[in-house]
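Let me begin by presenting the structure, written as structure tokens, before commenting on it.
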Amino acid sequence: MFAPVLNESIIKRAQAKNLVKIRLHDLRDYSNSKHRKVDERPFGGGPGMVFGPQPVFRAVESLLVRRTTKIILLTPQGRKLDHKMAKKLSRCKHLILICGHYEGVDERVRQKLVTQELSIGDYVLTCGELPAMVLVDSMVRLIPGVLGKDESTHFESFSQGLLEYPQYTRPAVYRGMRVPKILLSGNHKLIEKWRKKKALEITRRKRPDLLCGKEKDG
Ligand SMILES: C[S@@+](CC[C@H](N)C(=O)[O-])C[C@H]1O[C@@H](n2cnc3c(N)ncnc32)[C@H](O)[C@@H]1O
């Protein structure tokens, strides 16, 4: 699943520039069982299978390179990923991401191995690969040097606690809809002021929760 995402576009370039290294590990390679088994039926009954602790502990322990390594379990029970968290994690030297499958992972992995549980939203996906890729994408684009000048994250949604201002491109009139005059004026100071005002308006309308305390602080 990972190849089409990790070997394309911005993430591919970031790896080529050595700004990030991403390694994939197959849990089966760490299984002590003859048939490389990684999952078992849950104790107490119930549907599905659970990743057993043995391959997960062995995999993570053999990949730990430093004391500060964060071991992240992707799980719907985790704290919800947001820009702040992505930024914080993008500064870490080494992260290990554990992707669950089936019914998830043995609770002892959570209790003794994992340092952080992360969710990408209040819904359940079939596996942890997609959430891991969402996390990787959100972090990698925040690593200095990854995005070019044209792709800067400075003014985009959440980077300053606001949603982004409206964007327009050619043509200046489409089906009778006009681009705001100010954007065609060439007056960068006024454009910046307009964009700030619009960002605030849009945030107030769509995500007032982001503004808590912000408007009072100016
Ligand atoms: C079918 S889910 C297991 C759900 C689990 N039985 C529960 O109710 O919490 C399989 C795996 O997908 C991943 N996953 C599913 N939804 C997720 C989400 N919203 N955020 C992060 N990971 C998720 C986790 O790694 C999970 O172990």
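Counting starts at 1 for both ligands and their atoms, following the listed order.
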Closest protein heavy atom (residue, atom, distance) for [atom]:
| atom | result |
| --- | --- |
| atom 5 (C) of ligand 1 | Glu103 O, 3.6 Å |
| atom 4 (C) of ligand 1 | Val124 CG1, 3.9 Å |
| atom 27 (O) of ligand 1 | Gly100 CA, 3.3 Å |
| atom 12 (O) of ligand 1 | Cys127 C, 3.0 Å |
| atom 24 (C) of ligand 1 | Leu74 O, 3.0 Å |
| atom 3 (C) of ligand 1 | Tyr102 O, 3.6 Å |

Would you call Asp39 and His101 a side-chain contact if the rule is heavy atoms closer than 4.5 Å?
-> no

Does the side chain of Tyr123 come within less than 4.5 Å of Pro76's, by heavy atoms?
-> no

Geometric N/O contact [X] with ligand 1, under 3.5 angstrom:
| X | value |
| --- | --- |
| Gly121 | yes |
| Cys99 | no |
| Val105 | no |
| Tyr123 | yes |
| Pro131 | no |

Arg36 atom CZ, over 12 foreign heavy atoms within 6.0 Å | yes

Let me see the working for Asp122 and Lys80 under side-chain contact (heavy atoms from CB on, under 4.5 Å), right down to the final yes or no.
-> CA-CA 8 Å; Asp122 289 346; Lys80 234 183 279 175; 3.3 Å; yes

Could you check which of Leu125, Leu81, Asp122, Ile120 puts a non-hydrogen atom nearest to atom 2 (S) of ligand 1?
-> Leu125

Atom 17 (C) of ligand 1: which of Gly78, Ala132, Pro76 has the nearest heavy atom?
-> Pro76

Presence of salt bridge, [Y] and [X], under 4.0 angstrom:
| X | Y | value |
| --- | --- | --- |
| Glu201 | Lys196 | no |
| Arg79 | Glu117 | no |
| Asp209 | Arg207 | yes |

Just say parallel, tilted or perpendicular for the rings of Phe51 and Tyr102, cut-offs at 30° and 60°.
-> perpendicular

Non-hydrogen atoms of Ser31 and Arg58 that approach each other most closely = O-NH1, 3.7 Å

Judged by atom type as modelled, is there a donor-acceptor pair below 3.5 Å linking the side chain of Thr115 to the main-chain atoms of Ile71?
-> yes

For ligand 1, which part of Leu73 has a heavy atom less than 4.0 Å away: the side chain, the backbone, both, or neither?
-> neither

Looking only at heavy atoms, is any part of Thr75 under 4.0 Å from ligand 1, and if so is it the side chain, the backbone, or both, or is it neither?
-> backbone

By number and element, which atoms of ligand 1 are closer than 4.0 Å to a non-hydrogen atom of Gly104?
-> 27 (O)

Proximal ligand 1 atoms for Leu118, defined as those under 4.0 Å from one of its heavy atoms = 21 (C)

Can you list the steps and then say if Ser185 with Trp194 is a side-chain contact (heavy atoms from CB on, under 4.5 Å)?
-> CA-CA 12 Å; Ser185 70; Trp194 179 87; over 6 Å; no

Has Phe51 got any heavy atom lying under 4.0 angstrom from an atom of ligand 1?
-> no

